[in-house]
Amino acid sequence: MPGGGVVAVTGTTDVNRVEAPVTVRAYLIVAFAAFGGIFFGYDTGWMGGVLAMPYFIRQYTGLDYPETTGLKGDALTAYTKAFVIPQWQQSLVTSILSAGTFFGAIIAGDLADFIGRRLTIILGCLIFTIGCILQTASTGLNVMVGGRLIAGFGVGFISSIVILYMSEIAPRKVRGAVVAGYQFCITIGILLANCVVYATQKRDDTGSYRIPIAVQFLWAIILGTGLALLPDSPRFFVRKGKLDKAAAALARVRGQPVDSDYIQDELAEIIANHEYEMSILPATTYLGSWAACFKGKISSPSSNARRTTLGIVMQMMQQLTGINFIFYFGTVFFKQLGTISDPFLISLVTTLVNVLSTPFSFVMVEKLGRRNLLVYGAALMVTFQFITAIIGATAGKPELDNQNATKAMIAFICLNIASFATTWGPCAWIVIGEIFPLTIRSRGVGLATASNWFWNCIIGVITPYLVADQPHSAKLGSHVFFMWGGLCCISFLFAYFFVPETKGLTLEQVDKMLEESTPRTSSKWKPHSTFAAEMHLAEKHIEVPVATTTEVHEPKHETV
Ligand code: BGC
């Protein structure tokens with residue numbers, strides 16, 4: 001509508017018209033945001049490798065390279081063993097990132113309601129860049145720790161708000177697949193970090209660790225610049241009461257003219273749903289709006305308390321599947337098995353399995369649904385982890401030096417990774433983007449993401465003490481897979497009893513489904529009325545001034 005004007009928005013009573021058809025361009029806009037996953041994956045992936053780099057160790061500890069000491073025999077062996085970054089420093093620089101991301105995710109959830117989803121992500125990129133500058137410049141522990149904390153803060157912003165943004169703008173039919181694309185980017189980020197670290201690890205200059213750190217500037221530039229050109233979430237504008245901007249943003253993300261009937265119907269449904277939510281839980285003070293995340297009875301599937309708990313526990317259980325045990329600690333674990341000589345090769349295999357199996361989830365998540373994938377995925381992980389543990393406790397004992405048993409264990413660990421990558425990896429993110437009502441969505445997603453990073457950190461800190469061959473370690477060895485398998489049993493029960501099916505519904509329909517069904521009956525629930533009809537928006541017009549110049553065409557029909 002060149003020059004501006006007014007569009008009268010009228011809701012629909014037709015449940016099939018609550019989302020506008022989408023063009024290819026619109027799909028591309030949504031898919032771009034998935035790029036945020038690269039930050040997440042890359043940033044968790046590079047530190048482990050850098051900590052083991054000889055140049056980095058020498059710089060941080062002041063110790064000479066073992067081969068230049070002139071020592072021989074046992075003295076050299078003892079010196080080489082001691083030529084490492086002290087354990088407490090390793091723990092500190094690794095886990096400080098998660099501390100930053102934990103707080104970053106919570107604060108970002110808050111901020112995304114004030115300045116918008118898009119600006120929060122761009123701000124996350126800026127903060128991340130400052131953290132990166134400090135890390136790249138660092139030559140000692142203090143600056144590195146400060147840089148990691150700040151960069152982590154930025155990653156917290158990005159990892160939670162990208163999920164929120166994508167879930168709010170993605171068309172319902174591909175929302176799961178698009179968020180699974182974010183998970184795919186996480187896996188690519190981990191792989192890229194492994195490759196870059198491998199390429200620079202032998203350098204005898206600061207480039208060995210500075211190059212892997214500095215590569216990250218690229219991610220920040222691409223995501224930040226790209227998002228600066230994209231529209232914000234129409235749901236954010238509805239929440240703010242800026243209906244003109246909501247209409248313009250919706251028209252852009254759907255690739256439709258702003259005054260098309262489709263845009264009107266979808267916008268009216270979002271407005272009506274928001275009015276409905278506000279009528280149940282009116283906005284109060286700032287603290288009151290945080291308290292709203294925990295309002296209602298936990299026993300009621302649609303209460304805010306239940307949804308917030310669902311999101312937090314969902315991300316906790318994702319971490320307790322033990323996947324990061326393999327990514328953070330796999331190298332050391334495989335070495336302990338005694339038959340593996342090239343640790344990089346093994347970490348490359350595990351990260352490759354992760355990358356290559358994730359795309360299967362794009363289709364599975366829309367065909368089989370989130371709930372099914374979570375239930376079956378947990379069952380598969382229980383099976384594969386228990387088999388790994390049983391082989392490790394019998395034929396695979398290190399003292400037996402049984403190559404075939406070790407190979408079988410690695411095969412089952414890879415099957416376990418593939419099971420995670422196609423189920424809990426993507427679905428945990430998809431579900432947290434879908435279960436919250438608009439009134440608490442950004443905070444809910446922030447809290448759930450913070451839970452992911454919290455447990456991520458706990459696992460990073462405790463696993464060395466569970467498995468490593470160190471004085472204060474529980475020395476579980478491959479028995480640790482009994483523990484992860486046991487925890488996956490809990491994930492299975494959690495998914496079966498508590499996770500609803502959200503496939504194919506608009507975010508507003510998810511709200512209704514949670515009110516009218518239980519997790520176990522949710523997959524049979526069908527939309528039967530619209531919020532616009534319920535809030536009587538189908539009978540009246542809402543005048544929406546059109547702020548942005550948007551081309552007017554005949555309403556477009558679905559082109560994909
Ligand atoms: C998890 C990460 C994990 C990654 C592996 C993500 O969904 O949240 O902690 O490292 O998957 O692909």
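Atoms within a ligand are numbered from 1 in the order they appear, just like the ligands themselves.
- For the side chain to side chain donor-acceptor pair (under 3.5 Å) test with Gln318, the passing option among Asn452, Thr423, Asn456 is Asn452; the others fail.
- A salt bridge links Arg370 and Glu434; the closest N-O separation between the charged side-chain nitrogens and carboxylate oxygens is under 4.0 Å.
- A salt bridge links Asp511 to Arg307: at least one charged side-chain nitrogen sits closer than 4.0 Å to a carboxylate oxygen.
- Although no hydrogens or angles enter the test, the distance criterion places a donor-acceptor pair under 3.5 Å between the side chain of Arg117 and the main chain of Ala112.
- Which parts of ligand 1 touch Gln319 is read off a 4.0 Å heavy-atom cut-off, strictly below it: atoms 1 (C), 2 (C), 8 (O), 9 (O).
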Requested in this report: Could you please spell out the steps behind the side-chain contact (heavy atoms from CB on, under 4.5 Å) verdict for Leu487 and Thr321?
Outcome: CA-CA 6 Å; Leu487 287 165; Thr321 57; over 6 Å; no
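- Contacts with ligand 1 closer than 4.0 Å are made by side-chain heavy atoms of Asn452 only, the backbone lying farther away.
- For atom 1 (C) of ligand 1, the closest non-hydrogen atom on the protein side is Gln318 OE1, 3.4 Å.
- Contact annotation: for Asn456 versus ligand 1, heavy atoms closer than 4.0 Å belong to the side chain alone.
- Aromatic ring pairs are classed by plane angle as parallel below 30°, tilted from 30° to 60° and perpendicular above 60°; the pair Tyr209 and Tyr55 is parallel.
- Every N/O-N/O distance between Thr187 and ligand 1 stays at or above 3.5 Å.
- Between Phe384 and Trp484, the ring center distance fails the sub-6.0 Å criterion.
- Heavy-atom distances between Gln315 and ligand 1 stay at or above 4.0 Å for every pair.
- Counting atoms of ligand 1 from 1 in the listed order, those under 4.0 Å from a heavy atom of Phe40 are 2 (C), 8 (O).
- Here is the list of ligand 1 atoms found below 4.0 Å of a heavy atom in Asn354: 5 (C), 12 (O).
- In terms of protein heavy atoms, atom 10 (O) of ligand 1 is closest to Asn324 OD1, 2.6 Å.
- A heavy-atom separation below 4.0 Å is found between Phe420 and ligand 1.
- A donor-acceptor pair under 3.5 Å is formed between the side chain of Asn304 and the backbone N or O of Ala292.
- For atom 11 (O) of ligand 1, the nearest non-hydrogen atom of the protein is Gln183 NE2, 3.1 Å.
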